[in-house]
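Within every chain, numbering begins at 1; the chains are lettered A, B, ... in the order of the sequence lines, protein sequences first and strands thereafter.
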Amino acid sequence: MQASRARLFKEYKEVQREKVADPDIQLACDDTNIFKWTALIKGPSETPYEGGVFQLAFAVPEQYPLQPPQVRFLTKIFHPNVHFKTGEICLDILKNAWSPAWTLQSVCRAIIALMAHPEPDSPLNCDSGNLLRSGDIRGFHSMARMYTRLAAMPKKG
Amino acid sequence: MDSEDEFDMHDANGDDDDDNDDDFYSGGDDDAAAAMDSDEADVADYEFIDNDSDDSDDIASHRYQQNYTVLTEADIHQRQEEDIMRISTVLSISEVAASVLLRHYNWSVSKVHDEWFADEEKVRKVVGLLEKPAFASPNVRELICGICFEAYPLDRMYTAACGHPFCSTCWTGYISTAINDGPGCLMLRCPDPSCTAAVGQDMISRLASAEDKQKYSRYFIRSYVEDNRKTKWCPAPGCEYAVDFIVGSGSYDVTCRCSYSFCWNCTEEAHRPVDCGTVAKWILKNSAESENMNWILANSKPCPKCKRPIEKNQGCMHITCTPPCKFEFCWLCLGAWSDHGERTGGFYACNRYETAKQEGVYDEAEKRREMAKNSLERYTHYYERWATNQSSRQKALADLQQMQTVALEKLSDIQCQPESQLKFITEAWLQIVECRRVLKWTYAYGYYLPEHEQAKRVFFEYLQGEAESGLERLHQCAEKELQVYLNAEGPSKDFNEFRTKLAGLTSVTRNYFENLVRALENGLSDVDSHGATCSRAASSKSLGGTSSKGRGGRGKATTSRSSSSSRNIDDSGHWSCEHCTFANVKTATVCQMCHQRR
């Protein structure tokens with residue numbers, strides 16, 4: 001408990017210091033609970049998520065960093081490896097390939113990479129996975145783009 | 001006939017006479033005669049069994065040439081150490097590195113050699129054995145731990161071969177998490193996500209807690225057995241021995257030092273003469289139909305005469321109802337025991353499904369047989385006999401236990417015989433247990449024996465019937481006749497005669513069953529499926545002789561496979577896949593639907 005708190009506090013200070021270093025990621029710690037974090041990540045360019053801002057929720061376990069944090073999308077997103085209803089993410093480093101040397105910041109970076117390079121062969125969102133697997137890139141793009149517009153972009157006018 | 005060869009296979013003692021192999025039956029009788037001739041022969045006969053070990057539990061395993069070794073935990077540990085030492089010496093690497101390598105290549109010394117000398121650099125990369133650190137520590141007094149991000153003096157930092165520094169607390173937590181996640185901890189890598197350096201046993205012993213270290217070495221030793229292709233744990237509950245098997249050396253049946261016999265290949269209980277595939281099918285069938293069987297086979301049967309329910313609580317099939325009825329009958333067919341004599345064409349003739357049916361009008365019997373062909377009734381017939389022999393075996397095991405712990409001592413006192421002279425009783429019981437097991441599996445064998453191979457069926461049922469009656473004779477003698485001597489007031493005059501009789505029966509039965517097993521494993525190959533019935537005596541003679549040909553697991557597997565597939569061909573020439581039931585054209589050898597081989 002003490003170790004995870006100390007480590008999270010280090011990360012917190014690092015985030016404060018490096019706020020401008022990575023303009024695509026804005027990590028913020030819950031005011032009252034250091035084990036709850038949120039992040040805003042920018043959709044990577046040249047993807048259907050470009051221009052969108054996606055919110056992530058982190059639930060950090062007491063065994064952190066020996067155990068990985070639980071992360072899910074709060075913003076609706078159409079992506080083969082993200083559950084369409086719950087926002088759960090299927091990413092190896094959040095499961096068995098976790099390393100205690102990862103940080104919340106690097107997890108965000110990994111999720112951005114996942115957005116740019118979906119893994120349609122282990123889908124949580126089958127509709128999305130099937131579009132990619134059947135080679136319907138255009139269909140996938142237009143669906144993902146539509147949900148990005150609907151959910152991840154500030155409403156115009 | 002290659003009698004030398006055959007001899008080696010089935011009988012490790014070389015001091016018997018060669019006539020054994022010539023005749024399916026007389027081999028046993030010779031043995032018995034020898035045993036009856038003099039006590040010396042008797043003693044010699046038992047000596048070979050004991051010459052490797054004093055432990056009587058080992059008897060069954062010494063009867064065949066040993067192609068396996070039972071390993072204790074100490075043995076496993078020693079072998080593991082030896083392998084590690086060998087790799088360490090030959091490759092000039094540390095023992096820790098050697099064990100990481102061996103673990104990665106499933107403890108195959110030759111595989112490690114091959115891979116290493118083919119491309120050392122590649123192996124090092126894959127396994128995570130770095131030659132020089134990937135990360136050079138800057139020349140400073142303090143370093144930042146990569147996990148907790150605290151700064152520590154150098155002496156509190158630890159690194160694997162790669163040089164990535166982490167503090168001891170974080171290492172301990174990292175290692176502990178991995179160990180508690182399971183045997184994957186044996187392949188532990190540096191916590192740095194981009195680094196593949198292996199974390200070996202040296203780091204574990206330096207940084208893990210005592211409890212975790214213990215778990216780790218448990219996984220380490222388990223891995224040597226479980227990941228090794230030559231060894232398996234004995235599947236008996238609570239048994240801690242492993243069995244090292246020489247793959248490709250014939251029969252898979254092994255007997256652990258805990259006295260449990262199992263098939264090394266499929267780890268089901270020992271099932272010679274039936275092959276693993278048939279056993280798997282049979283077990284599946286039993287579980288699928290067990291719901292039905294539960295009520296069909298209640299634990300009791302009504303006495304055929306007085307109709308009182310009877311629970312079978314002794315091993316043999318000869319049941320005597322309690323007074324006043326006292327009706328003696330056969331448990332299997334519920335017919336009068338007095339009918340089970342020479343008159344019925346065999347001492348014990350109720351193993352034959354057809355004849356088990358009540359005698360009636362020819363048409364009716366024929367009709368019933370037709371109906372039974374694919375019905376539950378046929379299965380029930382075999383299952384019932386399979387299950388009865390199973391429980392008979394359990395009972396015999398319990399009796400053997402009881403014999404060894406209580407009865408032998410008592411008998412020794414009453415008959416004034418040293419217990420060492422009473423070994424023949426234990427052996428008789430061990431033989432009964434073994435025979436019940438074989439007999440049990442012959443019913444699975446019979447169930448899968450193709451209907452249309454009439455000659456084989458007839459011969460098989462004849463052999464099985466003989467086996468059954470022989471075993472009943474032995475069981476009866478060891479169970480009931482022994483009681484007389486157990487209940488006697490003092491030494492019985494004819495105790496030595498009893499000894500000779502029981503020892504003789506044991507050895508006759510043993511020979512008969514060994515021959516039976518080999519004959520069935522050969523798929524009764526010398527029965528010409530169309531050449532109908534040659535005289536029984538003649539075919540049984542040739543059976544004993546030719547059985548040395550295609551023995552072992554392969555031969556029998558082919559037989560049963562061909563038989564099952566031929567059954568699956570329907571009239572239109574299609575065959576239905578055993579796995580997915582897809583109807584394939586006759587010419588296909590691989591299922592077009594699920595791609596399983598036919």
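For the atom pair CG of B:N180 and CD of A:Q63, the computed distance is 11.0 Å after rounding to the nearest 0.5 Å. In this structure, B:I147 CD1 and A:W102 CH2 are separated by 14.0 Å, a value rounded to the nearest 0.5 Å.
Annotation for B:F149 and A:E11: closest pair CE1-CG, 4.1 Å, computed over non-hydrogen atoms. Across all non-hydrogen atoms, the minimal contact from A:A101 to B:P191 is CB-O, 3.7 Å. When all heavy atoms of A:A6 and B:E150 are compared, the closest pair comes out as CB-OE2, 4.5 Å.
Only the side chain of A:P65 comes within contact range of chain B, with heavy atoms under 4.5 Å apart. For A:S106, no part lies near chain B; criterion is any non-hydrogen pair under 4.5 Å.
Taking a 6.0 Å sphere around CZ of A:F9, one finds it holds 12 or fewer heavy atoms contributed by other residues, nucleotides or ligands. The number of heavy-atom neighbours closer than 6.0 Å to CE of A:M146, taken from other residues, nucleotides and ligands shown, is above 12. Residue-environment remark: CZ (A:R133) exceeds the threshold of 12 foreign heavy atoms within 6.0 Å. More than 12 heavy atoms of other residues, nucleotides or ligands lie within 6.0 Å of NZ in A:K95, so this atom counts as buried by the packing criterion. Crowding of B:H77 atom NE2: a count of heavy atoms from other residues, nucleotides or ligands under 6.0 Å not exceeding 12.
Note on B:P193, B:C170, B:G146: by heavy-atom pairs under 4.5 Å with chain A, the leading option is B:P193.
Scored by the side-chain contact (heavy atoms from CB on, under 4.5 Å) test, A:A28 finds A:T38 as partners (sequence neighbours excluded).
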